[in-house]
Novice: 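Here you go, one structure.
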There are 2 protein chains.
Amino acid sequence: MFKLSKLTDYAVVVLVRLARQDGVQTSPGIAAATFIPEPTVAKVLKTLAGKGLVTSQRGAHGGYRLARPLAAIPVADVIAAIDGPIALTACVEGGSCESERLCPMHGRWDPVNEAIDAALHGITLADMDHAIPRAFREPAFVAHRDESGASAPEAVARL
Amino acid sequence: MFKLSKLTDYAVVVLVRLARQDGVQTSPGIAAATFIPEPTVAKVLKTLAGKGLVTSQRGAHGGYRLARPLAAIPVADVIAAIDGPIALTACVEGGSCESERLCPMHGRWDPVNEAIDAALHGITLADMDHAIPRAFREPAFVAHRDESGASAPEAVARL
DNA sequence: TCAATCAGGACCGCAGCGGTCCGAATGGTT
DNA sequence: AACCATTCGGACCGCTGCGGTCCTGATTGA
Ligand code: SF4
Ligand code: SF4
């Protein structure tokens with residue numbers, strides 16, 4: 001199936017939960033609040049911390065804290081942090097396919113990849129947090145969301 | 001990783017190859033032309049035939065033929081045929097997640113899913129064949145380069 | 001010093017994917 | 001009618017990678 005890993009899904013849930021409250025929050029606490037198994041939450045948080053999406057405070061009364069506000073975290077970043085870089089096929093952006101010499105489609109996926117990448121960069125976690133589904137097509141909603149909006153045309157421009 | 005299955009990749013290669021020549025073509029023939037293992041090509045073609053993307057001619061001198069021109073086949077169709085429906089998470093469009101009652105993010109992925117779905121519907125195999133996706137030259141997309149303030153989801157949604 | 005908490009792995013069961021193979025149906029060819 | 005080429009539908013299997021658990025340190029506040 002064309003789906004993203006469950007851990008990525010969990011990561012979004014955890015990040016949004018982190019934003020709901022100031023100060024540090026512990027893994028068990030978040031697990032209880034999100035109904036996600038505790039070890040899994042810990043694993044996700046460790047990965048996110050490694051990628052710089054959250055900062056950690058060790059020791060007693062430690063915990064995790066968002067590194068930047070939700071509005072500055074595009075979904076693409078979360079996906080890249082957990083699932084790895086977005087690469088639809090093996091031959092996009094650095095990947096090497098064993099038949100790339102012979103394959104007539106070599107490199108043809110790049111634009112598609114760019115399109116999806118741009119789309120995922122244009123949606124932040126803040127949007128997902130307080131967005132009602134289908135609101136994306138309403139002009140009123142679209143009007144006031146702009147951050148990182150330049151990425152899409154730029155990606156398109158160099159096609 | 002966030003990638004589509006190799007079989008889907010192969011399907012695109014096979015479909016484009018089918019379009020390069022009129023009349024029916026056999027699995028071994030296509031396999032030889034695309035450098036993809038023959039049984040795999042056969043499997044892909046069988047799946048595609050089942051989904052109605054290609055038509056099959058049985059018996060001697062049989063083979064496969066495109067059901068519709070490349071320009072009428074969006075990438076989304078190929079993905080849906082091989083990989084199954086596009087569903088980023090378990091809770092989108094009919095899918096049910098075990099924690100959908102408790103999860104605060106339930107349903108929030110739908111817009112993201114729709115955005116990607118729209119993007120993949122806006123690019124046809126003919127576009128990929130010519131390496132310059134027509135979707136990116138559409139007024140709706142190019143206009144945003146000047147208007148500024150446009151974001152990926154909106155541009156994608158208009159495709 | 002002790003308890004709480006994160007860090008970084010090792011570890012495992014398992015679904016699903018990539019890939020192969022075979023028998024049966026089908027329709028030309030002779 | 002007999003034969004052969006080719007597709008069809010499905011069974012089959014090894015293996016990767018994912019979801020999930022657990023353990024052993026390192027770090028910090030009380
Ligand atoms: S499009 Fe061709 S070169 Fe690229 S990953 Fe697919 S088979 Fe390999
Ligand atoms: S967002 Fe929530 S309800 Fe939807 S699939 Fe993820 S965990 Fe389940």
Side-chain angles (χ1 to χ4, degrees), chain A residues 1-11 13-14 18 23-32 34-65 67 79 81-85 87-90 97-99, chain B residues 1-11 13-14 18 23-32 34-65 67 79 81-85 87-90 97-99:
Chain A
M1 296 160 275
F2 187 62
K3 63 183 186 64
L4 38 81
S5 77
K6 218 175 209 177
L7 290 195
T8 305
D9 183 8
Y10 288 161
V13 176
V14 165
L18 267 180
V24 296
Q25 298 178 55
T26 71
S27 307
I30 298 176
T34 56
F35 300 95
I36 300 173
E38 193 273 326
T40 301
V41 170
K43 186 176 198 168
V44 167
L45 281 172
K46 277 184 282 191
T47 307
L48 292 178
K51 297 292 182 177
L53 285 177
V54 300
T55 58
S56 61
Q57 174 69 29
R58 304 178 72 149
H61 297 85
Y64 290 96
R65 175 184 297 126
I79 297 177
I82 307 285
D83 263 352
L88 292 189
T89 62
C97 172
E98 69 276 357
S99 29
Chain B
M1 301 156 276
F2 187 61
K3 63 182 186 66
L4 36 83
S5 78
K6 218 174 208 176
L7 289 194
T8 305
D9 183 7
Y10 289 160
V13 176
V14 166
L18 267 180
V24 296
Q25 298 177 56
T26 70
S27 307
I30 299 176
T34 57
F35 300 95
I36 299 173
E38 193 272 327
T40 301
V41 170
K43 185 175 198 170
V44 166
L45 281 171
K46 279 183 281 191
T47 308
L48 291 177
K51 296 292 181 175
L53 285 177
V54 301
T55 59
S56 63
Q57 176 69 30
R58 306 178 69 152
H61 296 84
Y64 291 95
R65 178 184 295 125
I79 297 177
I82 307 285
D83 264 353
L88 293 189
T89 62
C97 172
E98 69 275 358
S99 29

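Since the model is a prediction, treat every value here as computed from it, not as a measurement. The chains referred to below are lettered A, B, ... by the order of the sequence lines, with proteins before strands, and numbering in each begins at 1.
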Novice: Would you tell me if any nitrogen or oxygen in the side chain of S56(B) comes within less than 4.0 Å of OP1 or OP2 on dT6(D)?
Specialist: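 No, S56(B) has no side-chain N/O under 4.0 Å of OP1/OP2 on dT6(D).
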Novice: Taking CD from E38(A) and P from dA7(C), how many angstroms apart are they, rounded to a whole number?
Specialist: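 The distance from CD of E38(A) to P of dA7(C) comes to 13 Å, rounded to the nearest Å.
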Novice: Using heavy-atom distances to pick each residue's nearest nucleotide on DNA chain D, tell me which of D83(A) and P28(B) is more 5'.
Specialist: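 By nearest-heavy-atom nucleotide position, the 5'-most residue is P28(B).
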Novice: Can you tell me the distance, in whole Å, between the CD1 atom of I82(A) and the P atom of dG20(D)?
Specialist: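 Rounded to whole Å, this separation is 13 Å.
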Novice: Which atoms form the tightest heavy-atom contact between R65(A) and V24(A), and what is the distance?
Specialist: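 Taking every non-hydrogen atom into account, NH2-CG1, 3.2 Å.
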Novice: Calculate the interatomic distance between K3(B) atom NZ and dG18(C) atom P; express it in whole Å.
Specialist: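 To the nearest whole Å, that distance equals 6 Å.
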Novice: Think Y64(A) has a side-chain N or O under 4.0 angstrom from the OP1 or OP2 of dA7(C)?
Specialist: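 Looking at the OP1 and OP2 atoms of dA7(C), one of them is under 4.0 Å from a side-chain N or O of Y64(A).
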Novice: Output the rounded distance in Å from CD1 (I79(A)) to P (dC18(D)).
Specialist: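 From I79(A) CD1 to dC18(D) P: 14 Å.
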Novice: Where do V54(A) and V14(A) land on the side-chain contact (heavy atoms from CB on, under 4.5 Å) test, with the steps shown first?
Specialist: CA-CA 11 Å; V54(A) 300; V14(A) 165; over 6 Å; no
Novice: Taking OP1 and OP2 of dG16(C), is either one under 4.0 Å from a side-chain nitrogen or oxygen of S5(B)?
Specialist: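 Result: no.
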Novice: With I82(B), which of T8(B), D9(B), L53(B) fulfils side-chain contact (heavy atoms from CB on, under 4.5 Å)?
Specialist: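 Among the candidates, only T8(B) passes.
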Novice: If every non-hydrogen atom of G52(B) is compared with every non-hydrogen atom of A67(B), which pair is closest and at what distance?
Specialist: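 In terms of heavy atoms, the two residues are closest at O-CB, 3.4 Å.
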Novice: Check the distance between dT20(C)'s C1' and I36(B)'s CD1 and give it to me in whole angstrom.
Specialist: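 It works out to 16 Å between those atoms.
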Novice: Rounded to the Å, how far apart are K43(A) NZ and dG8(C) P?
Specialist: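 The answer, rounded to whole Å, is 14 Å.
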Novice: dG17(D) P sits how many Å from L7(A) CG, rounded?
Specialist: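 Nearest whole value for this atom pair: 15 Å.
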Novice: Quick one: does L18(B)'s side chain get under 4.5 Å of Q25(B)'s, heavy atoms only?
Specialist: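 The answer is yes, as the side chains (C-beta and beyond) meet within the 4.5 Å cut-off.
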Novice: What is the distance from OH of Y10(B) to C1' of dG18(C), rounded to the nearest Å?
Specialist: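 Result: 8 Å.
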Novice: Below the 4.0 Å mark, does dC6(C) have OP1 or OP2 next to a side-chain nitrogen or oxygen of T26(A)?
Specialist: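 Checking dC6(C) against T26(A), no side-chain N or O comes under 4.0 Å of OP1 or OP2.
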Novice: Each nucleotide in nucleotides 21-30 of chain C should get exactly one letter: B, S or -. Can you fill that in based on protein heavy atoms under 4.0 Å?
Specialist: ----BBB-S-
Novice: Of the non-hydrogen atoms in T26(B) and G62(B), which two are nearest, and what is the gap between them?
Specialist: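 Looking at all heavy atoms of both residues, the shortest contact is CG2-O, 3.6 Å.
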Novice: So if I take every side-chain heavy atom of K6(A) and compare against dG19(C), dA7(C), dG20(D), which nucleotide ends up nearest?
Specialist: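 Side chain of K6(A) sits closest to dG20(D).
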Novice: Within this structure, what is the CD-OG1 distance for the pair E38(A) and T40(A), rounded to the nearest 0.5 Å?
Specialist: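 Reported value, rounded in 0.5 Å steps: 8.5 Å.
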Novice: So what does G63(B) hit on the nucleic acid, given a heavy-atom distance under 4.0 Å: a base, only sugar-phosphate, or nothing?
Specialist: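 G63(B): backbone/sugar contact only, no base atoms under 4.0 Å.
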